[in-house]
Amino acid sequence: MGGGRAVEPAERGATRIADRVVAKIASRAAGEALSDTAEEHHEPPLASVVVHEGAARIRVAVELGYPGDIGARCRAVRSRVAERVRGLAGMEVPEVVITVERLHSPHTGRADRERVR
């Protein structure tokens, strides 16, 4: 197919993954980690990402059931998010910050749903 020379990898260009795509990967991974605990969480995790020089710094907001081991669930989310972003986006993940936006207790959950007369 012609006498063209092979283009070296460095000359081919670069693939850039948009921050919003990395944030979507992180949100989905956080949801996966929370579904592993078989707890009912109300709002899906929301992630924001800053990508700089191939590294993604990620913030994830979650809602968790209470009582429970909040630290363990946050570690599970942090680990899954870092693993999935590294694997799917090929980025280093030096920081994953988890913010617990709301805790849901089965005791307060029923009161919110019951009708007051």
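Computed over heavy atoms, backbone and side chain alike; hydrogens, waters and symmetry mates excluded. Worth saying up front: this structure is predicted, and the values here are computed from it rather than measured.
Atoms CZ and CD, from Arg78 and Glu95 in turn, are 9.5 Å apart once rounded to the nearest 0.5 Å. Of the inter-residue distances, the one linking Thr99 atom OG1 with Arg59 atom CZ reads 6.0 Å to the nearest 0.5 angstrom. The distance from the NZ atom of Lys24 to the CG atom of Leu46 is 11.5 Å, given to the nearest 0.5 Å. In this structure, CE on Met91 lies 4.5 Å from CD1 on Ile17, to the nearest 0.5 angstrom.
Using a 4.5 Å heavy-atom threshold, the side chains of Ile70 and Val100 count as touching. Taking the side chain as every heavy atom from C-beta outward, Ile58 and Val93 approach each other to under 4.5 Å.
The pair Arg84-Glu32 meets the salt-bridge criterion, since a charged nitrogen lies less than 4.0 angstrom from a carboxylate oxygen.
Closest approach of Arg80 to Ala29, counting heavy atoms only: CG-O, 3.2 Å. Closest heavy-atom contact between Ala30 and Pro45: CB-CB, 3.6 Å. Closest approach of Leu34 and Glu63 over heavy atoms only: CD1-O, 4.3 Å. When all heavy atoms are compared, the tightest approach of Val49 to Asp19 is O-OD2, 3.8 Å. Taking each heavy atom of Ala89 and Ile25 in turn, the nearest pair found is CB-CD1, 4.4 Å.
Checking side-chain atoms of Ser27 against main-chain N and O of Ala23 turns up a donor-acceptor pair under 3.5 Å. Proximity of a side-chain donor or acceptor of Arg73 to a complementary backbone N or O of Gly65 within less than 3.5 Å is detected.
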